[in-house]
Amino acid sequence: MLDIRMLRSDPQGVAANLARRGFTLDLAQFTTLEARRKEAQVAVDALRNERNTRSKAIGQAKAKGQDVAPLLAKVETLGSRLEQGEQGLASLQSELDRLLLDLPNLVHESVPPGRDASANVEVRRHGELRRLDFEARDHVAIAEGLGGLDAASASRLSGTRFAVLTGPVAALHRALAQFMLDLHVREHGYREAWVPYLVTRRTLTGTGQLPKFEQDLFKLARDAADGELFLIPTAEVPLTNLAGDRIFEAAELPLRLVAHTPCFRSEAGSYGKDTRGLIRQHQFDKVELVHIVRPQDSYAALEDLTSHAARVLERLELPYRVVALCGGDIGFASAKTYDLEVWLPGQAAYREISSCSNCEAFQARRMLARWRNPETGKPEPVHTLNGSGVAVGRALVAVLENGQQADGSVVVPGVLRPYLGGVDRLKPA
RNA sequence: GGAGAGGUGGCCGAGUGGUCGAAGGCGCUGGACUGGAAUUCCAGUAAUACCCACAAGGUAUUCGUGGGUUCGAAUCCCACCCUCUCCGCCA
């Protein structure tokens with residue numbers, strides 16, 4: 001959520017910034033609505049003030065044993081006038097809230113211009129691409145060769161965009177998640193968290209998935225509307241919301257959290273995209289990193305966070321590049337995002353494996369995540385960041401494709417071997 | 001799932017219709033005292049929104065949430081949520 005004060009004081013500036021991400025802000029609608037809201041609120045406050053003072057007078061008169069009938073006559077119509085005003089105010093307020101909740105975050109000044117992914121800017125590359133003396137196979141062929149991917153069973157059980165992993169491939173998947181968690185906890189100073197995979201509408205509103213992107217989520221109906229729960233699309237949701245409705249002392253920050261969770265996405269609107277293999281699934285595992293920081297620290301934290309995610313790929317000996325997303329490609333809640341793209345020999349392309357974002361105060365305002373600024377003594381929104389560290393399914397794809405050998409076997413990166421009982425190579429079944 | 005108890009400010013805890021945003025205590029902050037500290041004493045100590053210059057000042061809202069009764073609700077009524085205890089079930 002944007003700071004409504006900024007919207008009031010500099011609407012043109014806000015509109016210009018949002019235009020950089022291709023979003024058109026209807027200024028006229030906002031100003032009209034806001035003016036009507038202000039008028040209604042002032043009127044309602046005045047009516048309530050009148051009610052309070054008159055009621056107090058009645059109480060005092062009663063205490064003195066005076067006749068209160070004339071006083072009561074004066075408040076006769078007050079109740080209905082107040083009720084009418086309150087209803088009007090409430091409907092204006094909810095209209096305004098909805099408008100505000102649907103506005104994306106402002107983008108940082110350093111975000112490159114552009115309308116779509118083609119305008120993203122490569123920041124750096126890391127790692128040598130292996131030169132293969134045989135034709136590269138994709139992860140589906142490799143995993144099936146290892147006897148570890150059962151697409152037929154998955155579609156029989158659950159339909160499209162699901163996978164069943166077995167044997168050494170399932171173990172490799174588990175090893176990857178374990179390795180990532182350990183790296184972030186032991187070397188990068190994160191606190192491990194285990195969190196709910198089902199969350200409420202309110203929680204998803206806090207991080208920005210709702211109200212706008214409900215079609216991307218899996219919802220569990222249950223009986224009543226207030227009992228509804230959603231499967232998390234990323235651990236960013238529960239992790240970041242841990243800071244919601246809290247006021248941190250300065251000394252408590254920064255907070256660095258890591259969790260390994262499954263993620264569930266409906267992938268509505270991605271029909272025909274990445275239909276083969278594990279790249280785009282309704283269910284996938286991810287190790288997620290979240291920072292809760294003081295505002296003045298958030299851009300340094302974004303660099304740290306990105307380097308922590310990159311470290312995973314470096315230790316796995318996977319070539320990757322870092323890309324700064326342009327205004328048109330950046331996410332709803334983010335002010336600035338770096339994507340990490342890993343090299344996939346099977347596709348001869350770099351593919352996204354991590355996305356690291358600084359959401360500044362956007363999520364914090366939605367969920368009321370604050371800290372007490374010692375300089376002002378007041379509670380102020382914190383800044384929140386999140387990044388994949390990294391997507392486990394896609395890391396599995398990358399390890400299989402980059403480690404593949406001519407004979408169909410796969411070399412296991414050294415850092416994963418301790419998690420696999422010392423096995424250094426997966427061999428075809 | 002059944003029975004019972006309970007949800008008040010950062011924490012504990014009083015408060016059953018009027019001057020209650022709410023006693024008292026703890027904690028915290030500032031001051032006095034001290035060479036320094038402890039003790040003691042004094043004072044202060046919520047959030048949000050609005051008016052306004054995001055100042056001062058003022059107004060409104062907030063005692064789990066939502067609704068109702070009333071001129072007036074922390075206090076009365078209804079529904080829901082959550083927590084705790086016991087029983088059942090279960091990983």
Side-chain angles (χ1 to χ4, degrees), chain A residues 1-11 13-14 30-101 194 196-203 205-206 220 222-230 241-253 295 361 364-382:
Chain A
M1 195 156 62
L2 300 182
D3 185 350
I4 192 163
R5 274 177 229 136
M6 184 184 288
L7 251 174
R8 288 187 194 123
S9 61
D10 184 21
V14 170
F30 169 74
T31 17
T32 320
L33 205 52
E34 170 62 10
R36 288 172 61 203
R37 192 217 98 248
K38 188 174 287 189
E39 189 186 1
Q41 177 156 352
V42 170
V44 165
D45 277 3
L47 280 174
R48 286 205 267 234
N49 183 22
E50 185 182 347
R51 182 200 61 194
N52 290 348
T53 40
R54 290 200 187 281
S55 291
K56 199 170 278 188
I58 291 171
Q60 285 167 347
K62 239 182 179 170
K64 291 181 195 155
Q66 297 167 345
D67 178 21
V68 296
L71 291 175
L72 283 175
K74 284 189 175 170
V75 295
E76 217 179 347
T77 64
L78 206 55
S80 63
R81 278 191 289 152
L82 184 57
E83 194 180 343
Q84 206 174 358
E86 278 175 337
Q87 277 172 9
L89 178 60
S91 82
L92 282 170
Q93 191 68 60
S94 69
E95 214 177 320
L96 199 57
D97 284 349
R98 178 61 201 239
L99 188 136
L100 233 48
L101 285 173
W194 183 83
Y197 306 152
L198 293 170
V199 296
T200 62
R201 182 173 286 277
R202 179 176 145 78
T203 303
T205 305
L220 281 71
R222 296 213 293 182
D223 10 342
D226 57 347
E228 70 187 354
L229 288 171
F230 296 80
N241 272 283
L242 288 176
D245 290 316
R246 289 197 53 182
I247 301 175
F248 293 96
E249 295 305 325
E252 294 179 85
L253 301 177
R365 275 190 291 266
R366 287 174 166 247
M367 66 177 70
L368 278 181
R370 294 170 293 175
W371 72 301
R372 196 170 294 279
N373 184 347
E375 287 179 22
T376 63
K378 301 275 186 198
E380 296 172 11
V382 296

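The sequence lines fix the lettering, A, B, ..., with proteins before strands; numbering per chain opens at 1.
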Contact list (N/O, under 3.5 angstrom) for nucleotides 50-54 of chain B vs protein:
{"from": "rC50(B)", "atom 1": "OP1", "to": "Arg8(A)", "atom 2": "NH1", "distance (Å)": "3.1"}
{"from": "rC50(B)", "atom 1": "OP1", "to": "Arg8(A)", "atom 2": "NH2", "distance (Å)": "2.3"}
{"from": "rC50(B)", "atom 1": "O4'", "to": "Gln41(A)", "atom 2": "NE2", "distance (Å)": "3.2"}
{"from": "rC51(B)", "atom 1": "OP1", "to": "Lys38(A)", "atom 2": "NZ", "distance (Å)": "2.6"}

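- We find that CD1 of Ile247(A) is positioned 18 Å from P of rC28(B), with the value rounded to whole Å.
- When the C1' atom is used for both rG4(B) and rU59(B), the distance is 44 Å, rounded to whole Å.
- Partners of Arg372(A) according to the side-chain hydrogen bond (donor to acceptor under 3.5 Å, both in side chains) rule, which considers only residues two or more places apart in sequence or in another chain, do not exist here.
- The side-chain heavy atoms of Leu7(A) and Leu100(A), taken from C-beta on, include a pair separated by under 4.5 Å.
- Listed in residue order, the members of residues 47-61 of chain A having a heavy atom less than 4.0 Å from RNA chain B are Arg48(A), Asn49(A), Arg51(A), Asn52(A), Ser55(A), Ile58(A), Gly59(A).
- Comparing the C1' positions of rU48(B) and rG35(B) gives a spacing of 47 Å, expressed to the nearest Å.
- Among the heavy atoms of the strands, none lies under 4.0 Å from Arg202(A).
- Applying the salt bridge (charged side-chain N to carboxylate O under 4.0 Å, His left out) test to residues at least two apart or on different chains, the pairs with a partner in residues 50-59 of chain A are Glu50(A)-Arg54(A).
- Listed here is the closest heavy atom pair of Ile247(A) and Trp371(A): CG2-C, 4.2 Å.
- Residue pairs meeting the salt bridge (charged side-chain N to carboxylate O under 4.0 Å, His left out) criterion with at least one member in residues 75-88 of chain A, sequence neighbours excluded, are Arg48(A)-Glu86(A).
- When the C1' atom of rU45(B) is taken as reference, atom NZ of Lys378(A) falls 12 Å away, rounded to whole Å.
- We find that Glu39(A) and Arg36(A) are not joined by a salt bridge, their nearest charged nitrogen and carboxylate oxygen being 4.0 Å or further apart.
- Proximity of Leu71(A) to Gln66(A): side-chain heavy atoms (C-beta onward) are nowhere separated by under 4.5 Å.
- Atom P of rU75(B) sits at a distance of 16 Å from the matching atom of rU70(B), rounded to the whole Å.
- Rounded to a whole Å, the CG atom of Asp245(A) is 12 Å from the C1' atom of rA47(B).
- Remark on RNA chain B: of its neighbouring residues Leu78(A) and Pro379(A), the 5'-side contact belongs to Pro379(A), judged by nearest-heavy-atom nucleotide.
- As judged by a 4.0 angstrom heavy-atom cut-off over every strand, Arg372(A) is placed among residues touching the sugar-phosphate backbone only.
- With hydrogens and angles disregarded, no donor-acceptor distance shorter than 3.5 Å links the side chain of Asn373(A) to the backbone of Glu380(A).
- When base pairs are accepted only as Watson-Crick or G-U wobble with both N-N or N-O distances under 3.5 Å, RNA chain B takes part in stems of 3 or more pairs at B:1-7 with B:81-87, B:10-12 with B:24-26, B:27-32 with B:40-45, B:46-51 with B:57-62, B:64-68 with B:76-80.
- rA47(B) atom P lies 12 Å from atom CD of Glu380(A), rounded to whole Å.
- Distance check on atom P: rG58(B) versus rA22(B) gives 14 Å, rounded to whole Å.
- For Met1(A) against Leu101(A), the heavy-atom pair with the smallest separation is SD-CD2, 4.0 Å.
- No side-chain donor from either of Ser94(A) and Ser91(A) sits under 3.5 Å from a side-chain acceptor of the other.
- Taking atom C1' on both rU69(B) and rC54(B), the two are 40 Å apart, rounded to the nearest angstrom.
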For this session: Given side chain to side chain contact (heavy atoms under 4.5 Å, CB included), test Thr200(A) with Leu229(A) step by step and report yes or no.
Result: CA-CA 5 Å; Thr200(A) 62; Leu229(A) 288 171; 3.9 Å; yes

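- Atom pair Glu249(A):CD and rC28(B):C1' shows a separation of 9 Å (rounding to whole Å applied).
- Using a 4.5 Å heavy-atom threshold, the side chains of Asp245(A) and Met367(A) count as separate.
- Here the P atom of nucleotide rU48(B) and the CG atom of Leu368(A) are 8 Å apart, to the nearest Å.
- If you find the closest nucleotide of RNA chain B to Lys62(A) and to Glu83(A), the one lying nearer the 5' end belongs to Lys62(A).
- A straight line from CG of Leu89(A) to P of rU61(B) spans 12 Å, rounded to a whole angstrom.
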